[in-house]
Colleague: 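Pasting a structure below so you can have a look.
Position 1 is the first residue of the sequence; numbering continues from there. As the structure lists them, so they are numbered: ligands from 1, and atoms in each ligand from 1.
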Amino acid sequence: MNDLTIKTAIDYELPETVRNRHMIAGEWLGSADTFERRSPSHDVVVSVSAQGDAAMTERAIKAARAAFDTGVWSRISGKERAAVLLKVADLIEKNVDRIAVFETLESGKPISQSRGEIGGAADLWRYAASLARTSHGDSHNTLGEDMLGVVLKEPIGVVSIITPWNFPFWILSQKLPFALAAGCTVVVKPSEITPTSTVMMGELLIEAGLPAGVCNIVLGHGQPVGSLMSTHADVDMVTFTGSTAVGKLITQAASGTLKKVALELGGKNPQVICPDADLDSAADAVTFGVYFNAGQCCNSSSRIIVHEDIAEDFVKRVVALSRKVKFGDPLDPDTQVGAIVTAEHNAKIDRCVKAAVADGATLDLGGGTMAVAGLGEQFYQPTVISGVSPKMAIAREEVFGPVLVVLTYRTFDEAIALVNDSDYGLSAGIWSENMHTCMDFARRAQAGTIWTNTWMDGFPELAFGGVKQSGQGREIGRYGFEEFLEVKSLVLRIGRSRAPWVQQDA
Ligand code: NAD
């Protein structure tokens, strides 16, 4: 462990504990019960939040329903909606530093990353604003002289938005501005682990002039808040990001009213490293892909599939780079990898790694929790595991920590078979200088996103989502926006050409 790069605690004036309340119909409401979030890296209570119950959730859903039905948002022009979304984007940029400190203290992620995610989220709001103005349906002028067909796109209605703890502000911004651009009204439930940046978003929405009741925020746990948001008859759609296990529960809960469900779930995302690849770039991207957000990332490239001729050399390169990654104090602007979100999750990561070693895998680096001087023990060492067979749990299950698994292949067909031998299908990547190899891979790999000679580049324009048990539906991009729209067909007869059905002389 001594030869890792560890950033110890820096001097920093920590903000006072913030008090979070629900935002319902434009009002801030407390609850008798509260829950607190203690920082995983700094020994402070970051937030104390009102604990939502079924009655509070019901109230939020009613507010969203009433706001939708009055048309205060759903029936105004795209131009007016876009104006509000653009104001929110400006306000996000003005508040980056304030929000980022709480995001870092609650999640444990590095402050430079929090600033990047919060500042970067403004672009999602601006892109969604452009969609609010350019959304349109279809017309059919080919149905005959006396007919015109029009397909209208309408907001789907009231949307429940349920988000996880790993990218609280960013994932909210992958959903909320798109739902709002479509004209929907929403109820949001952030993770109980990271509620604060969502409440701060609520403040910005009010400041930007979003009408009361269009966005409502309920704080609390999956039970009863998230569960009621998934079953309630007044909700038309649930969009959820989180674990595959909870995604399945939500699908079951939503089936009672057949509401639409969009799911962004887990992944065990592979990168294939071909012998002709630029190995320096590939090793750097693999190192980034596995340690970004301490591996607590749906898009973590937690599984690499390396040609056996270069495997030993490639693992050495990744191990050497891993030792240089700056783990440690999340508040240090220089830190690249921060804390693990909870002690329970840190222990779970460690159990997965220990089980892999017991199964016969080889530890090339790391393999244990670590303490950072002045900050406690909720950190995990950068970990590289080779000698892994495809049937081992470590090769198949999402660890959600800074843990890289190395598999090897001989033929390209074998590599593709390993890529697709997974319950998941969120993203996949390939490193090769041969464009034909990359294109062949792109067409055969079962995943919602394919990266060739890069990893985790994303753009608001490009849809994101998974296949198989990584989810259903898409978010961001035009496809993500369309998820929040319902289609209605209009059949218009021109003139009095309709032939009577009832025969008058009968
Ligand atoms: P989680 O599934 O435990 O919780 C996510 C949210 O669901 C939280 O707000 C939680 O309170 C709520 N919830 C819990 N039980 C519920 C229920 N029965 N009904 C309704 N809501 C309920 O996930 P997490 O631990 O917060 O996040 C980690 C998981 O999220 C990982 O599996 C990761 O892969 C996944 N994830 C996926 C993406 C993606 O876009 N595909 C992005 C980030 C995270």
Colleague: Side chains of T198 and V188: does their closest heavy-atom pair fall under 4.5 Å?
Modeller: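 Heavy-atom side-chain distance check passes, below 4.5 Å.
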
Colleague: To check your reading of the model: name the closest protein heavy atom to atom 25 (O) of ligand 1, its residue, and the distance in Å.
Modeller: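 Here the nearest protein heavy atom works out to W165 NE1, 2.7 Å.
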
Colleague: May I ask you to identify the nearest protein heavy atom to atom 5 (C) of ligand 1, giving residue, atom name and distance to one decimal place in Å?
Modeller: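 Result: F240 CE1, 3.7 Å.
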
Colleague: Measure the distance from atom 12 (C) of ligand 1 to every protein heavy atom, then report the residue, atom name and distance (to 0.1 Å) of the closest one.
Modeller: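 For atom 12 (C) of ligand 1, the nearest protein heavy atom comes out as I162 CG2, 3.8 Å.
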
Colleague: When you measure from atom 11 (O) of ligand 1 to each heavy atom in E192, H221, E398, Q174, which option holds the nearest one?
Modeller: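 Answer by nearest heavy atom: E192.
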
Colleague: Is there a side-chain contact between Q174 and P460 (heavy atoms, below 4.5 Å)?
Modeller: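 Side chain of Q174 against side chain of P460, heavy atoms only: no contact under 4.5 Å found.
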
Colleague: So, E93 and R126, do they make that salt bridge, N to O below 4.0 Å?
Modeller: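 Salt bridge between E93 and R126, a charged N being under 4.0 Å from a carboxylate O: yes.
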
Colleague: Less than 3.5 Å between some nitrogen or oxygen of F400 and one of ligand 1, yes or no?
Modeller: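 In fact, backbone or side chain, F400 has no N or O that close.
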
Colleague: Tell me the protein heavy atom at minimum distance from atom 23 (O) of ligand 1, and give that distance in Å.
Modeller: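 Here the closest protein heavy atom is S243 N, 3.4 Å.
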
Colleague: Counting only heavy atoms, tell me which of G222, S227, G471 gets closest to atom 22 (C) of ligand 1.
Modeller: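 Of the listed residues, G222 has the closest heavy atom.
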
Colleague: Which residue and non-hydrogen atom of the protein lie closest to atom 9 (O) of ligand 1, and at what distance in Å?
Modeller: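 So the nearest neighbour among protein heavy atoms is T163 O, 2.7 Å.
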
Colleague: Counting only heavy atoms, tell me which of G266, C298, G242, A253 gets closest to atom 35 (C) of ligand 1.
Modeller: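 Checking each option, the heavy atom nearest atom 35 (C) of ligand 1 is found in G242.
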
Colleague: Keeping to residues at least two apart or across chains, list the salt bridge (Lys or Arg N to Asp or Glu O under 4.0 Å) pairs with something in residues 236-254.
Modeller: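 Applying salt bridge (Lys or Arg N to Asp or Glu O under 4.0 Å) to every pair that reaches into residues 236-254, excluding sequence neighbours, yields R65-D236.
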
Colleague: Is there a nitrogen or oxygen of L265 sitting under 3.5 Å from a nitrogen or oxygen of ligand 1?
Modeller: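 Between L265 and ligand 1, an N or O pair is found under 3.5 Å apart.
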
Colleague: For atom 27 (O) of ligand 1, find the nearest protein heavy atom and state the residue, atom name and distance (0.1 Å precision).
Modeller: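 Minimum-distance protein heavy atom for atom 27 (O) of ligand 1 reads P164 CB, 3.4 Å.
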
Colleague: Would a search of protein heavy atoms around atom 15 (N) of ligand 1 find one under 4.0 Å away?
Modeller: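 Yes; the ligand atom in question has protein heavy-atom contact below 4.0 Å.
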
Colleague: Given S160, G226, S470, which has its nearest heavy atom closest to atom 21 (N) of ligand 1?
Modeller: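 Among S160, G226, S470, the closest heavy atom to atom 21 (N) of ligand 1 belongs to G226.
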
Colleague: Step by step, would you call T369 with F379 a side chain to side chain contact (heavy atoms under 4.5 Å, CB included)?
Modeller: CA-CA 6 Å; T369 59; F379 294 82; over 6 Å; no

Colleague: Do me a favour and list the nearest non-hydrogen protein atom to atom 43 (C) of ligand 1 with residue, atom name and distance?
Modeller: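 For this ligand atom, the closest protein heavy atom is N166 ND2, 3.1 Å.
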
Colleague: With the side chain counted from C-beta on, respond yes when D234 and K62 share a heavy-atom pair under 4.5 Å apart, and no when they do not.
Modeller: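 Of all side-chain heavy-atom pairs linking K62 with D234, at least one is under 4.5 Å.
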
